[in-house]
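Below is one structure, written out as C-alpha cells, with a few remarks after it.
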Amino acid sequence: MRKLFFALAAFSILISSCSKPQDSKKQENNPNEHLVMATLWFQRASECRALYYQAFNMAKLSLDNQLLTKSDNKKPKAVVVDIDETVLDNSPFETNSIRSGKTFTSAAWKQWTDMAKASATPGSLEFLKYAESKGVETFYISNRDTSALAKTIENLTKLGFPFADEKHVLLKTKTSIKTERRNRVLETHEILILAGDNLGDFDEFLEDRSTDFGFSKVDERQAEFGQRFIVIPNPMYGSWEKEVLKSERKLDGFEKENLRKKQLIGYEEL
C-alpha cells in the first residue's frame, strides 16, 4: 500500500512539473499579453473613469461657451463623436482576445458588435443628452463597417443615446479617414465639438505620424484640445501603434513585442 502511495505521489509531482512549463509557454506565446495591463487599467482604474468625466465636463463647458458666443454661422449646431471607446465601452472584446490568445479579426469583432452589448462610457450619455437639451444634434462618425449599422443603432438606442438613427450614425464605407463624413455634416451643421480616442477623429491633418510620431502636429494644434477637440483615454489600441510597429512585412507576436520595447524611452544607469 505504501509503495502504491509513493508511486502515485511521484506521478503527481511529475505531472505537475510538466504542466507548469507548458502553461508558461502558452502565456509567453499569447500575442495579446501586452493588452492585459491596458485593459485592466481601462476596466478597473478609477483614474480612467475620472478622465472620462473630466473630458466630458470640459466638453460641456466648451459647448456652453460656444453657444453663448454670437456666431455668423446660422446652421444648426452639432457635436461629432466617435463611437468605440468614446461613447461605447468594448473592453470585454479585448478581454476575450486576451483569454483566447487569438489576434483581431473582422469576424470576431462583428460577432461582438452583433451582440449590441457594449455599455456606455462614463459621462458620455449625460453629455450628449445635455447637448440635446441645448438644441445641439449629435453625429456619430465611426470606423465600424456599414454592415454593423443596425446593431450599432440598436446598442446606442438601448442605452438611451440621442439621435441614434441612420441619419446621424455615419460608418465606414471606403476609407477609415473621416474627413468626407465630417464634411457631410458640415454641409448642414456647424460642428462645435469633436470627441474621440484617436487623432483621426478630429482632423485629417493629425493622421500622419511619420515625423516624430505626430508630436509636432499635436503641438501645432495645442489650443484646440480641451476646446473644440476632446480627447478620450484609450490605452488598448489606436492608430498610434502603427508607427511603433511600422514594417515592410507582416510581423509575428514576438517581433511586435520587441518593437514595442525598442520604442520605450529609458535612461542610462550610473
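As the structure is a prediction and not an experimental result, all values here were calculated from the model. Heavy atoms only: backbone and side chains are in, while hydrogens, waters and symmetry mates are out.
- Phe104 and Trp109 have tilted rings, their planes meeting at an angle from 30° to 60° on a 0 to 90° scale.
- Between Phe56 atom CZ and Ile230 atom CD1 the span is 8.5 Å, to the nearest 0.5 Å.
- Using a 4.5 Å cut-off on side-chain heavy atoms (C-beta onward), Glu85 and Ile232 make no contact.
- Under a cut-off of 6.0 angstrom, the local environment of NZ in Lys74 is crowded, with over 12 non-hydrogen atoms contributed by other residues, nucleotides or ligands.
- Nearest approach of Asn32 to Thr103, heavy atoms of both residues: ND2-N, 4.1 Å.
- For Thr113, the side chain to side chain donor-acceptor pair (under 3.5 Å) test picks out no residue, with sequence neighbours left out.
- Qualifying side-chain contact (heavy atoms from CB on, under 4.5 Å) partners for Asn96, counting only residues two or more places apart in sequence or in other chains: none.
- Going from atom CG of Leu156 over to atom CZ of Phe163 covers 13.0 Å, rounded to the nearest 0.5 Å.
- Not counting sequence neighbours, the partners of Asp114 by the side-chain contact (heavy atoms from CB on, under 4.5 Å) test are Lys110, Lys151.
- For the salt bridge (charged side-chain N to carboxylate O under 4.0 Å, His left out) test, residues two or more places apart in sequence or in another chain that qualify with Lys246 are Glu243.
- A 6.0 Å sphere centred on NZ of Lys117 holds no more than 12 heavy atoms belonging to other residues, nucleotides or ligands.
- By the side-chain contact (heavy atoms from CB on, under 4.5 Å) test, Asp208 pairs with Ser210, Lys217, sequence neighbours left out.
- Considering every non-hydrogen atom in both Ala118 and Asp89, the closest pair reads CB-O, 3.5 Å.
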Could you list the donor-acceptor pairs under 3.5 angstrom formed between side-chain atoms of residues 181-193 and any protein atom two or more places apart in sequence or on another chain?
| from | atom 1 | to | atom 2 | distance (Å) |
| --- | --- | --- | --- | --- |
| Arg181 | NH1 | Ser142 | O | 2.7 |
| Arg181 | NH1 | Leu170 | O | 3.4 |
| Arg181 | NH2 | Asn143 | OD1 | 2.8 |
| Arg181 | NH2 | Thr175 | O | 3.3 |
| Arg182 | NH1 | Gly200 | O | 3.0 |
| Arg182 | NH1 | Asp201 | O | 3.4 |
| Asn183 | ND2 | Thr179 | O | 3.4 |
| Thr188 | OG1 | Val185 | O | 3.3 |
| His189 | NE2 | Glu137 | OE1 | 3.3 |
| His189 | NE2 | Glu137 | OE2 | 3.0 |
| Glu190 | OE1 | Lys77 | NZ | 2.4 |

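- Rounded to the nearest 0.5 angstrom, Leu40 CG and Leu35 CG are separated by 12.0 Å.
- At a threshold of 4.5 Å between side-chain heavy atoms, the hydrophobic network of Ile, Leu, Val, Met, Phe, Trp and Tyr places Val218 and Trp240 in two separate groups.
- Within a 6.0 Å sphere centred on NZ of Lys75, heavy atoms belonging to other residues, nucleotides or ligands number more than 12.
- With a 4.5 Å cut-off on side-chain heavy atoms, Arg221 and Phe202 do not count as touching.
- Residues Pro235 and Ala38 share a closest heavy-atom pair of O-CB, 3.5 Å.
- Listed by chain and number, the residues in a side chain to side chain donor-acceptor pair (under 3.5 Å) with Asp84 are Asn90, Arg144 (sequence neighbours excluded).
- The minimum heavy-atom distance between Ala164 and Ile153, with the atom names listed, is O-CG2, 3.2 Å.
- Between the OG atom of Ser247 and the CG atom of Leu259 there is a distance of 7.0 Å, given to the nearest 0.5 Å.
- Ile177 and Ile141 fall into different hydrophobic clusters, where Ile, Leu, Val, Met, Phe, Trp and Tyr side chains are chained together by heavy-atom contacts under 4.5 Å.
- The two atoms that bring Val244 and Phe213 nearest to each other are CG2-CE2, 4.1 Å, heavy atoms only.
- At a threshold of 4.5 Å between side-chain heavy atoms, the hydrophobic network of Ile, Leu, Val, Met, Phe, Trp and Tyr places Tyr52 and Ile83 in one connected group.
- Rounded to the nearest 0.5 Å, atoms CD (Glu126) and OH (Tyr53) are 6.5 Å apart.
- Listed by chain and residue number, Asn198 satisfy the side chain to side chain donor-acceptor pair (under 3.5 Å) test with Ser239 (two or more places apart in sequence, or in another chain).
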Steps toward side-chain contact (heavy atoms from CB on, under 4.5 Å) verdict (Leu194, Arg228): CA-CA 6 Å; Leu194 297 108; Arg228 189 162 178 264; 3.6 Å; yes

Mind running side-chain contact (heavy atoms from CB on, under 4.5 Å) on Ser62 and Met58 for me, showing each step along the way? CA-CA 6 Å; Ser62 179; Met58 293 176 70; over 6 Å; no

Given the rule in the side-chain contact (heavy atoms from CB on, under 4.5 Å) test, do Val81 and Leu128 qualify, once you have shown the distances and angles that lead to the verdict? CA-CA 9 Å; Val81 295; Leu128 294 181; 4.1 Å; yes

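- Contacts classified as side chain to side chain donor-acceptor pair (under 3.5 Å) and involving residues 254-263 (residues at least two apart or in different chains) are given here: His34-Arg260, Glu241-Arg260, Arg249-Glu255, Glu257-Arg260.
- Every residue two or more places apart in sequence or in another chain was checked for a side-chain contact (heavy atoms from CB on, under 4.5 Å) with Ala150, and none qualifies.
- Trp112 and Leu171 fall into different hydrophobic clusters, where Ile, Leu, Val, Met, Phe, Trp and Tyr side chains are chained together by heavy-atom contacts under 4.5 Å.
- With rounding to the nearest 0.5 angstrom, the CG atom of Asp197 is 5.5 Å from the OH atom of Tyr237.
- In the hydrophobic cluster analysis, where Ile, Leu, Val, Met, Phe, Trp and Tyr join through side-chain heavy atoms closer than 4.5 angstrom, Phe139 is grouped apart from Leu149.
- Under the 4.5 Å side-chain criterion, counting only non-hydrogen atoms from C-beta, Lys178 is in contact with Asp82.
- Considering only residues two or more places apart in sequence or on other chains, Ser216 meets the side chain to side chain donor-acceptor pair (under 3.5 Å) condition with Asp212.
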Side-chain donor-acceptor pairs of residues 43-50 under 3.5 Å, sequence neighbours excluded:
| from | atom 1 | to | atom 2 | distance (Å) |
| --- | --- | --- | --- | --- |
| Gln43 | NE2 | Ser91 | OG | 3.0 |
| Gln43 | NE2 | Thr95 | OG1 | 3.2 |

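- Residues Phe225 and Val231 come closest through the heavy atom pair CD2-CG2, 3.6 Å.
- Using modelled atom types, no side-chain atom of Asp145 and backbone atom of Ala148 make a donor-acceptor pair closer than 3.5 Å.
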Test side-chain contact (heavy atoms from CB on, under 4.5 Å) on Tyr140 and Thr86 and set out the steps. CA-CA 10 Å; Tyr140 304 86; Thr86 299; over 6 Å; no

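- At least one side-chain heavy atom of Tyr130 sits less than 4.5 Å from a side-chain heavy atom of Asp64.
- Taking 4.5 Å as the limit, some side-chain heavy atom of Phe161 sits within range of a side-chain heavy atom of Val87.
- The side-chain heavy atoms of Glu94 and Phe42, taken from C-beta on, include no pair separated by under 4.5 Å.
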